**Student:** 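To start, I am sharing the structure in question, which I have written as C-alpha coordinates.
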Amino acid sequence: MNHQAAVVTPGTLGPQDQPSKEAIASSAWVLLESQITPFTDVMAIPGAIYRALDAGGKKFIARNFMTHLGKNVLYCRDGTGYDRYFLGNARSFLRGGGTIVSVQGTEPFWMIRSTTTILQAAAANLGVTVPPKEKKVPRPPNAYILYRTERQNVVRDAHPGITNNEISQVLGAAWNAESREVRQQYKEMSEKIKQALYEQHPDYQYRPRKASQKKRRARRTASTNEVIEHDSDELAKPSFAD
DNA sequence: GCGAATGAAAC
DNA sequence: GTTTCATTCGC
(Lines give C-alpha, C1' and ligand atoms only; values in the text may rest on other atoms or scores of the structure.)
Protein backbone atom coordinates (compact mmCIF):
# COMPACT_ATOMS: atom_id res chain seq x y z
CA MET A 1 0.00 0.00 0.00
CA ASN A 2 1.09 3.59 -0.24
CA HIS A 3 2.24 5.36 2.85
CA GLN A 4 1.92 8.92 1.69
CA ALA A 5 -1.83 9.27 1.50
CA ALA A 6 -1.96 11.72 4.37
CA VAL A 7 -4.82 13.82 3.06
CA VAL A 8 -7.99 11.91 2.49
CA THR A 9 -11.08 13.74 1.34
CA PRO A 10 -14.31 12.34 -0.04
CA GLY A 11 -13.17 13.47 -3.46
CA THR A 12 -9.79 11.79 -3.41
CA LEU A 13 -10.96 8.70 -1.61
CA GLY A 14 -10.32 5.71 -3.81
CA PRO A 15 -12.05 2.36 -3.39
CA GLN A 16 -8.82 0.86 -2.10
CA ASP A 17 -8.84 3.34 0.78
CA GLN A 18 -12.23 2.33 2.05
CA PRO A 19 -12.31 0.03 5.03
CA SER A 20 -13.61 -3.30 3.89
CA LYS A 21 -17.16 -4.17 4.84
CA GLU A 22 -15.77 -7.11 6.74
CA ALA A 23 -13.49 -4.81 8.73
CA ILE A 24 -16.40 -2.58 9.70
CA ALA A 25 -18.43 -5.57 10.82
CA SER A 26 -15.65 -7.11 12.85
CA SER A 27 -14.80 -3.80 14.55
CA ALA A 28 -18.45 -3.23 15.33
CA TRP A 29 -18.70 -6.68 16.83
CA VAL A 30 -15.67 -6.13 19.05
CA LEU A 31 -17.37 -3.07 20.53
CA LEU A 32 -20.83 -4.58 20.78
CA GLU A 33 -19.56 -7.82 22.26
CA SER A 34 -18.34 -5.96 25.34
CA GLN A 35 -21.92 -5.11 26.34
CA ILE A 36 -23.00 -8.75 26.32
CA THR A 37 -23.56 -10.40 29.68
CA PRO A 38 -25.23 -13.71 30.55
CA PHE A 39 -28.38 -11.61 31.09
CA THR A 40 -28.25 -9.80 27.78
CA ASP A 41 -31.02 -10.88 25.48
CA VAL A 42 -31.35 -7.67 23.51
CA MET A 43 -28.39 -5.75 22.19
CA ALA A 44 -28.55 -1.98 21.57
CA ILE A 45 -26.67 -0.80 18.50
CA PRO A 46 -25.97 2.92 18.03
CA GLY A 47 -27.59 4.21 14.84
CA ALA A 48 -24.29 5.38 13.40
CA ILE A 49 -22.78 1.91 13.72
CA TYR A 50 -25.89 0.24 12.30
CA ARG A 51 -25.84 2.45 9.24
CA ALA A 52 -22.15 1.81 8.66
CA LEU A 53 -22.87 -1.90 8.29
CA ASP A 54 -23.81 -3.40 4.96
CA ALA A 55 -26.18 -6.35 4.62
CA GLY A 56 -23.34 -8.82 5.12
CA GLY A 57 -22.13 -6.98 8.19
CA LYS A 58 -25.59 -7.03 9.73
CA LYS A 59 -25.78 -10.75 9.10
CA PHE A 60 -22.37 -11.22 10.66
CA ILE A 61 -23.37 -9.37 13.84
CA ALA A 62 -26.73 -11.15 13.94
CA ARG A 63 -25.13 -14.57 13.55
CA ASN A 64 -22.67 -13.88 16.34
CA PHE A 65 -25.38 -12.73 18.70
CA MET A 66 -27.63 -15.61 17.67
CA THR A 67 -24.87 -17.97 18.71
CA HIS A 68 -24.74 -16.28 22.11
CA LEU A 69 -28.52 -16.39 22.55
CA GLY A 70 -29.28 -19.74 21.00
CA LYS A 71 -32.38 -18.18 19.45
CA ASN A 72 -33.30 -16.54 16.19
CA VAL A 73 -32.78 -12.79 16.20
CA LEU A 74 -34.00 -9.80 14.24
CA TYR A 75 -33.14 -6.13 13.97
CA CYS A 76 -35.59 -3.52 15.14
CA ARG A 77 -35.32 0.23 15.01
CA ASP A 78 -35.93 1.86 18.38
CA GLY A 79 -39.18 3.77 18.05
CA THR A 80 -38.91 5.64 21.33
CA GLY A 81 -36.87 8.49 19.96
CA TYR A 82 -33.34 7.21 20.30
CA ASP A 83 -31.17 6.79 17.24
CA ARG A 84 -30.41 3.15 17.81
CA TYR A 85 -31.39 -0.33 16.79
CA PHE A 86 -32.12 -3.42 18.80
CA LEU A 87 -31.01 -6.93 18.00
CA GLY A 88 -32.68 -9.83 19.73
CA ASN A 89 -35.32 -12.50 19.72
CA ALA A 90 -38.78 -11.33 18.67
CA ARG A 91 -40.27 -12.47 21.99
CA SER A 92 -37.94 -10.16 23.87
CA PHE A 93 -39.31 -7.18 21.97
CA LEU A 94 -42.86 -7.98 22.98
CA ARG A 95 -42.22 -8.00 26.72
CA GLY A 96 -43.55 -5.17 28.86
CA GLY A 97 -46.06 -3.73 26.40
CA GLY A 98 -43.69 -3.44 23.52
CA THR A 99 -44.78 -4.09 19.98
CA ILE A 100 -43.18 -4.40 16.58
CA VAL A 101 -44.51 -2.32 13.72
CA SER A 102 -43.55 -3.71 10.36
CA VAL A 103 -44.51 -1.84 7.24
CA GLN A 104 -43.83 -3.64 4.00
CA GLY A 105 -40.56 -2.65 2.47
CA THR A 106 -39.22 -0.98 5.62
CA GLU A 107 -37.30 -2.11 8.64
CA PRO A 108 -39.21 -3.36 11.68
CA PHE A 109 -39.83 -0.72 14.27
CA TRP A 110 -40.11 -1.33 18.01
CA MET A 111 -42.18 0.74 20.38
CA ILE A 112 -44.47 0.79 23.38
CA ARG A 113 -47.94 -0.38 22.38
CA SER A 114 -50.42 2.44 21.73
CA THR A 115 -52.73 2.95 18.78
CA THR A 116 -51.88 6.54 18.03
CA THR A 117 -48.16 6.13 18.47
CA ILE A 118 -48.22 3.04 16.26
CA LEU A 119 -49.78 5.06 13.47
CA GLN A 120 -47.18 7.77 13.94
CA ALA A 121 -44.48 5.13 13.95
CA ALA A 122 -45.72 3.63 10.72
CA ALA A 123 -45.47 7.03 9.13
CA ALA A 124 -42.08 7.69 10.67
CA ASN A 125 -40.88 4.27 9.61
CA LEU A 126 -41.80 4.97 6.01
CA GLY A 127 -39.75 8.13 6.30
CA VAL A 128 -36.65 6.11 7.06
CA THR A 129 -36.39 4.48 3.70
CA VAL A 130 -38.39 6.99 1.68
CA PRO A 131 -37.35 10.36 3.00
CA PRO A 132 -39.75 13.01 1.70
CA LYS A 133 -37.07 15.65 1.99
CA GLU A 134 -33.35 15.49 2.28
CA LYS A 135 -32.48 15.54 5.93
CA LYS A 136 -29.32 17.13 7.23
CA VAL A 137 -26.57 14.57 7.40
CA PRO A 138 -25.36 14.51 11.00
CA ARG A 139 -21.71 14.79 11.83
CA PRO A 140 -20.08 11.41 12.38
CA PRO A 141 -19.55 10.66 16.08
CA ASN A 142 -16.00 10.76 17.42
CA ALA A 143 -14.51 7.98 19.54
CA TYR A 144 -15.63 9.44 22.86
CA ILE A 145 -19.17 10.11 21.62
CA LEU A 146 -19.44 6.45 20.60
CA TYR A 147 -18.11 5.42 23.99
CA ARG A 148 -20.56 7.65 25.83
CA THR A 149 -23.51 6.55 23.69
CA GLU A 150 -22.73 2.91 24.37
CA ARG A 151 -22.35 3.24 28.11
CA GLN A 152 -24.77 5.93 29.16
CA ASN A 153 -27.50 3.42 29.99
CA VAL A 154 -25.17 1.41 32.19
CA VAL A 155 -24.34 4.52 34.20
CA ARG A 156 -27.98 5.63 34.32
CA ASP A 157 -29.12 2.22 35.55
CA ALA A 158 -26.46 2.21 38.24
CA HIS A 159 -27.27 5.77 39.37
CA PRO A 160 -31.00 6.46 39.22
CA GLY A 161 -31.74 10.14 38.90
CA ILE A 162 -28.34 10.99 37.50
CA THR A 163 -28.35 13.88 35.04
CA ASN A 164 -26.87 13.79 31.56
CA ASN A 165 -24.27 16.33 32.59
CA GLU A 166 -23.19 14.05 35.40
CA ILE A 167 -23.11 11.08 33.03
CA SER A 168 -20.76 13.09 30.85
CA GLN A 169 -18.52 13.75 33.85
CA VAL A 170 -18.49 10.10 34.89
CA LEU A 171 -17.85 8.77 31.41
CA GLY A 172 -15.35 11.50 30.60
CA ALA A 173 -13.26 10.31 33.55
CA ALA A 174 -13.83 6.68 32.59
CA TRP A 175 -12.75 7.42 29.04
CA ASN A 176 -9.49 9.00 30.17
CA ALA A 177 -8.86 6.03 32.44
CA GLU A 178 -9.35 3.53 29.63
CA SER A 179 -6.34 1.80 28.12
CA ARG A 180 -4.85 2.96 24.85
CA GLU A 181 -6.13 -0.25 23.30
CA VAL A 182 -9.75 0.36 24.26
CA ARG A 183 -9.66 3.99 23.15
CA GLN A 184 -8.05 2.89 19.90
CA GLN A 185 -10.90 0.46 19.23
CA TYR A 186 -13.42 3.27 19.49
CA LYS A 187 -11.18 5.48 17.39
CA GLU A 188 -11.09 2.88 14.64
CA MET A 189 -14.85 2.43 14.78
CA SER A 190 -15.36 6.18 14.47
CA GLU A 191 -13.03 6.25 11.45
CA LYS A 192 -14.97 3.47 9.79
CA ILE A 193 -18.28 5.15 10.47
CA LYS A 194 -16.87 8.31 8.96
CA GLN A 195 -15.70 6.52 5.82
CA ALA A 196 -19.05 4.78 5.51
CA LEU A 197 -20.72 8.18 5.75
CA TYR A 198 -18.47 9.51 2.98
CA GLU A 199 -19.53 6.56 0.84
CA GLN A 200 -23.20 7.10 1.52
CA HIS A 201 -22.98 10.87 1.20
CA PRO A 202 -20.15 11.72 -1.23
CA ASP A 203 -21.05 15.41 -1.04
CA TYR A 204 -21.04 15.54 2.73
CA GLN A 205 -18.99 18.29 4.25
CA TYR A 206 -18.80 19.53 7.80
CA ARG A 207 -20.12 23.08 7.77
CA PRO A 208 -20.15 24.65 11.21
CA ARG A 209 -22.23 27.80 11.36
CA LYS A 210 -20.57 31.00 12.37
CA ALA A 211 -22.18 32.66 15.36
CA SER A 212 -25.25 30.51 15.63
CA GLN A 213 -27.71 31.29 12.90
CA LYS A 214 -30.61 30.36 15.15
CA LYS A 215 -30.09 31.93 18.51
CA ARG A 216 -27.36 33.92 20.14
CA ARG A 217 -25.22 31.99 22.49
CA ALA A 218 -22.60 33.23 24.94
CA ARG A 219 -19.17 31.94 24.19
CA ARG A 220 -16.28 31.42 26.53
CA THR A 221 -12.62 31.70 25.67
CA ALA A 222 -10.42 28.86 26.84
CA SER A 223 -7.56 31.12 27.93
CA THR A 224 -9.38 33.68 30.04
CA ASN A 225 -12.58 31.74 30.71
CA GLU A 226 -14.22 35.04 29.99
CA VAL A 227 -17.80 35.12 28.81
CA ILE A 228 -18.05 36.94 25.53
CA GLU A 229 -21.37 38.13 24.22
CA HIS A 230 -22.19 38.14 20.55
CA ASP A 231 -22.05 41.31 18.53
CA SER A 232 -25.51 42.48 17.78
CA ASP A 233 -24.99 42.39 14.02
CA GLU A 234 -23.99 38.74 13.93
CA LEU A 235 -27.56 37.59 14.02
CA ALA A 236 -28.38 39.68 11.00
CA LYS A 237 -25.81 37.91 8.85
CA PRO A 238 -27.32 35.51 6.35
CA SER A 239 -25.94 32.00 6.45
CA PHE A 240 -25.51 29.46 3.71
CA ALA A 241 -24.66 26.58 6.01
CA ASP A 242 -27.17 24.33 4.31
C1' DG B 1 -30.89 26.42 23.81
C1' DC B 2 -27.65 25.09 27.49
C1' DG B 3 -24.68 22.11 29.83
C1' DA B 4 -21.12 18.25 30.60
C1' DA B 5 -17.58 15.27 28.51
C1' DT B 6 -13.97 14.56 24.08
C1' DG B 7 -12.37 15.17 19.59
C1' DA B 8 -12.77 16.18 14.43
C1' DA B 9 -12.99 19.71 11.30
C1' DA B 10 -13.41 24.26 9.90
C1' DC B 11 -12.09 29.11 10.61
C1' DG C 1 -5.83 29.06 18.90
C1' DT C 2 -10.95 29.28 18.71
C1' DT C 3 -15.54 27.70 17.51
C1' DT C 4 -19.07 24.40 16.17
C1' DC C 5 -21.19 20.04 16.61
C1' DA C 6 -21.57 15.01 17.07
C1' DT C 7 -24.23 12.03 21.81
C1' DT C 8 -28.04 12.56 25.77
C1' DC C 9 -32.32 14.97 27.84
C1' DG C 10 -33.91 17.65 32.09
C1' DC C 11 -34.22 22.22 32.86
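Below, read A as the first sequence line, B as the second, and so on, with proteins coming before strands; counting in each chain starts at 1. Remember, predicted model here, so these are calculated numbers, not experimental data.
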**Student:** Which residues pass the ring pair (Phe, Tyr, Trp, His ring centres under 6.0 Å) test with A:Tyr147, not counting sequence neighbours?
**Tutor:**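 In terms of ring pair (Phe, Tyr, Trp, His ring centres under 6.0 Å), with neighbours along the sequence ignored, A:Tyr147 is linked to A:Trp175, A:Tyr186.
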**Student:** Side-chain atoms of residues 62-73 of chain A: list all donor-acceptor pairs with protein atoms under 3.5 Å, sequence neighbours left out, distances to 0.1 Å.
**Tutor:**
{"residue": "A:Thr67", "atom": "OG1", "partner": "A:Arg63", "partner atom": "O", "Å": "2.9"}
{"residue": "A:His68", "atom": "NE2", "partner": "A:Thr40", "partner atom": "O", "Å": "3.3"}

**Student:** Counting only heavy atoms and a strict 4.0 angstrom limit, can you tell me which residues of residues 149-161 of chain A come near DNA chain B?
**Tutor:**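 Of all residues in residues 149-161 of chain A, none places a heavy atom under 4.0 Å from DNA chain B.
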**Student:** Taking only residues two or more places apart in sequence, or in another chain, which ones meet A:Arg139 in a salt bridge (Lys or Arg N to Asp or Glu O under 4.0 Å)?
**Tutor:**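 By the salt bridge (Lys or Arg N to Asp or Glu O under 4.0 Å) rule, A:Arg139 matches no residue at all.
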**Student:** Which residues pass the side-chain hydrogen bond (donor to acceptor under 3.5 Å, both in side chains) test with A:Tyr50, sequence neighbours left out?
**Tutor:**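 Partners of A:Tyr50 under the side-chain hydrogen bond (donor to acceptor under 3.5 Å, both in side chains) test: A:Glu107.
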**Student:** What residues, two or more places apart in sequence or in another chain, satisfy salt bridge (Lys or Arg N to Asp or Glu O under 4.0 Å) together with A:Glu191?
**Tutor:**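 A:Glu191 satisfies salt bridge (Lys or Arg N to Asp or Glu O under 4.0 Å) with A:Lys194 only.
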**Student:** If I take atom CG in residue A:Asn164 and atom P in nucleotide C:dC9, what distance separates them, rounded to the nearest angstrom?
**Tutor:**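 These atoms are roughly 6 Å apart.
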**Student:** Within this structure, what is the CG-to-P distance between A:Asp83 and C:dT7, rounded to whole angstrom?
**Tutor:**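 Going from A:Asp83 (CG) to C:dT7 (P), I get 7 Å.
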**Student:** Counting N and O atoms only, with roles assigned by atom type, does the side chain of A:Ser27 sit under 3.5 Å from a partner on the main chain of A:Ile24, one being a donor and the other an acceptor?
**Tutor:**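 Looks like no, no N/O pair under 3.5 Å.
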**Student:** For A:Tyr82 and C:dT8, give me the distance from atom OH to atom P, rounded to whole Å.
**Tutor:**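 Atom OH in A:Tyr82 sits about 8 Å away from atom P in C:dT8.
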**Student:** According to salt bridge (Lys or Arg N to Asp or Glu O under 4.0 Å), who are the partners of A:Asp78, at least two apart in sequence or on a separate chain?
**Tutor:**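 Counting only residues at least two positions away or on another chain, A:Asp78 forms a salt bridge (Lys or Arg N to Asp or Glu O under 4.0 Å) with A:Arg84.
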**Student:** Of all residues at least two apart in sequence or in a different chain, which pass the salt bridge (Lys or Arg N to Asp or Glu O under 4.0 Å) check with A:Arg183?
**Tutor:**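 A:Arg183 satisfies salt bridge (Lys or Arg N to Asp or Glu O under 4.0 Å) with no other residue.
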**Student:** One character per nucleotide, please: for nucleotides 5-11 of chain B, 5' to 3', B when the base has a protein heavy atom closer than 4.0 Å, S when only the sugar-phosphate does, - otherwise.
**Tutor:** BBBBBS-
**Student:** At 4.0 Å (heavy atoms only), tell me whether A:Pro141 reaches a base, stays on the sugar-phosphate, or touches nothing.
**Tutor:**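 No contact.
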**Student:** Could you tell me the separation between the CD1 atom of A:Ile162 and the C1' atom of B:dA4, rounded to a whole number of Å?
**Tutor:**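 Nearest whole value for this atom pair: 11 Å.
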